[in-house]
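Whatever order the structure lists ligands and atoms in, that order sets their numbers, starting from 1. Model, not experiment: these values are computed from the prediction.
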Amino acid sequence: MESSCRIWMRRVKMATTTTSIVFRPTTSSSISPLFIPLRSSKSTLSLLSHIFHPRRSISITATLPLQSSSSPFSRTVHHQCSSSSAEDGGINPKDSQKIILKGMRYKEFENWVTSQGYRPAQALMLWKLLYGNNSKRIWAHSFEELEGSSSNLNCITKGLNKDLTKMISKHAKLKALQVKDIITASDGTRKILFTLDDGLIIETVIIPNGDKGRNTVCVSSQVGCAMNCQFCFTGRMGLRRNLTAEEIVEQAVFARRLFTSTVGPISNVVFMGMGEPLQNIENVMKAADIMVDEQGLHFSPNKVTISTSGLVPQIKRFLRHSKCALAVSLNATTDEVRNWIMPINRKYNLSLLLDTLREELQFKHKYKVLFEYVMLAGVNDSIDDAKRIIDLVKGIPCKINLITFNPHSGSHFQPTADEKMVEFRNILAEGGLTVFMRPSRGDDQMAACGQLGNPADLQAPLLKVPPKFQPSLELSL
Ligand code: SF4
């Protein structure tokens with residue numbers, strides 16, 4: 001990647017449009033503490049060159065012979081995928097001029113097909129071929145599949161007008177992602193690395209939970225992330241760009257296409273991969289609408305969860321216009337801690353965030369927000385924190401999800417011990433809250449919550465640790 005692309009953003013305007021990133025000349029003294037400039041100074045480079053990089057360890061272990069069975073890497077399975085594989089369908093750079101079918105909601109899609117002289121019924125048939133349905137499971141990625149000539153799909157596609165298929169092959173594009181690699185962790189979690197048309201890489205995670213009838217795909221909404229949450233590896237990358245709606249939808253299509261036969265139906269989608277979804281709200285809401293369309297992927301709206309670090313204006317818009325579920329990363333019970341570990345709190349503090357939810361949820365019927373709480377030893381896991389949560393969320397219909405922190409290189413946090421998590425959970429439950437504890441999944445392959453992405457050689461610097469927390473971080477090191 002070119003070095004010019006590695007400049008850390010200085011300010012981000014929290015707008016609701018997809019073009020929300022603005023670069024403004026600033027003096028060093030005027031730089032917002034929210035977004036720290038990443039400069040390729042010699043000292044930064046020299047410091048960063050000493051940071052252990054876990055992604056390197058993955059590629060190194062892939063070339064090693066199998067080690068003892070206790071090594072998580074010994075159970076790793078890598079599927080290297082050639083860029084010209086049949087599964088990929090081969091993305092041609094010239095395709096950039098074509099209509100992107102998976103970036104359209106159904107109505108828009110139907111309008112385009114009928115504007116080309118075809119009947120609405122043909123539009124519906126094409127839509128079903130792209131997104132499949134429970135009985136046919138097609139998820140077409142190539143024109144051969146649309147024509148039914150690449151396999152035994154003929155009986156399914158025979159009603160599709162041949163001229164329409166030809167027109168589409170000339171003027172439209174069926175897919176936006178190429179599979180680069182699939183990595184399987186010891187617990188069965190799969191991480192898919194996708195290459196985008198511009199060469200950037202995103203990651204998507206499949207979390208099988210067949211026993212409970214719930215297989216989840218965790219999709220990315222941005223390449224990197226600007227939010228700089230201190231416990232998150234993706235946050236070290238900075239933001240490269242927003243994903244388009246079709247790049248988001250395709251992750252769910254690939255999840256079903258690649259894994260339905262092995263792990264079972266993919267029933268849930270969580271927007272908890274790389275990026276802050278609500279900073280890309282336009283494309284995220286469009287992608288979610290496509291995912292819940294009853295004639296297509298048909299995910300239940302309450303099984304499509306959009307997560308946010310707490311962008312208040314976008315939360316309002318989302319709650320007013322979407323039927324999908326909302327998760328808010330809470331992670332602290334005081335502004336002091338949240339300002340440090342989630343710098344977005346300096347813009348939208350705890351009381352503003354929680355008052356907004358309290359107010360907006362009055363107008364939603366049978367709707368509960370999910371609060372995510374990553375437990376960091378000595379930082380946000382005290383008994384007082386648990387008691388404060390009970391007070392903070394009063395009047396907000398909610399569930400609480402306690403998440404084990406997943407360590408990564410360069411992070412000085414440690415996970416809370418299991419017994420302490422149980423004690424914390426019990427206090428919340430006794431306080432009348434619905435609370436879950438979520439075990440880590442896929443962490444041996446950097447596929448767990450907060451572990452996605454590749455900050456490569458330059459990383460966003462960590463923020464200064466408030467003096468009162470320094471002893472607990474040192475103790476936990
Ligand atoms: S936790 Fe989410 S919002 Fe925060 S830096 Fe990571 S990806 Fe971004």
Task: Per-residue contact class, C229 against ligand 1 - non-hydrogen pairs under 4.0 Å - done: both

Task: Sidechain-backbone polar pair: N349 side chain, N345 backbone, donor-acceptor under 3.5 Å - done: no

TODO: Without swapping roles, check the side chain of R257 against the backbone of W139 for a donor-acceptor pair under 3.5 Å.
DONE: yes

Task: Exceeds 12 heavy-atom contacts within 6.0 angstrom, atom CD of E359 - done: no

Open item on the list: Report whether any nitrogen, oxygen or sulfur of C232 sits less than 2.8 Å from atom 8 (Fe) of ligand 1 (N, O or S, backbone or side chain).
Closed with: no

Task: Gap between atom CD1 of I383 and atom CZ of R388 - 0.5 Å precision - done: 11.5 Å

Task: Contact atoms of ligand 1, heavy-atom distance to G235 under 4.0 Å - done: 5 (S)

